[in-house]
Amino acid sequence: MQFDSAAQCAMCRTTVESTISNGRSNIATGLNTGILYLLSAPYLLVGAIAFLWFRQSKKEQQERLAKFKIRQKVSQILRQ
């Protein structure tokens with residue numbers, strides 16, 4: 001799957017256009033790849049933090065549920 005990206009600043013775009021007109025398109029490809037790499041880094045970081053937070057909250061919820069079940073069993077035993 002291939003798509004074109006227009007995520008370049010004015011100076012980068014000028015440099016890429018001049019190198020493409022000279023017949024060297026590998027610089028343009030590398031620049032676009034670098035821009036997309038830098039764009040994806042913050043999203044991956046936020047996603048990782050969200051995943052870790054979700055996993056920790058699930059663990060805490062399971063611990064609270066286990067403690068609640070133990071309390072219920074103890075209260076049932078004490079009622080007898």
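Each residue takes its place number in the sequence, starting with 1.
Here NZ of Lys69 is found 8.5 Å from CD of Gln72. Values are rounded to the nearest 0.5 Å.
Considering only residues two or more places apart in sequence or on other chains, Glu60 meets the side-chain contact (heavy atoms from CB on, under 4.5 Å) condition with Gln56, Arg64.
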Only pairs under 3.5 Å count here: list side-chain donor-acceptor contacts from residues 35-45, not counting sequence neighbours, and write none if there are none.
unit_1, atom_1, unit_2, atom_2, d
Ser40, OG, Leu36, O, 3.4
Ser40, OG, Tyr37, O, 3.0

Report all side-chain donor-acceptor pairs from residues 46-54 shorter than 3.5 Å, counting only partners two or more places apart or in another chain.
none

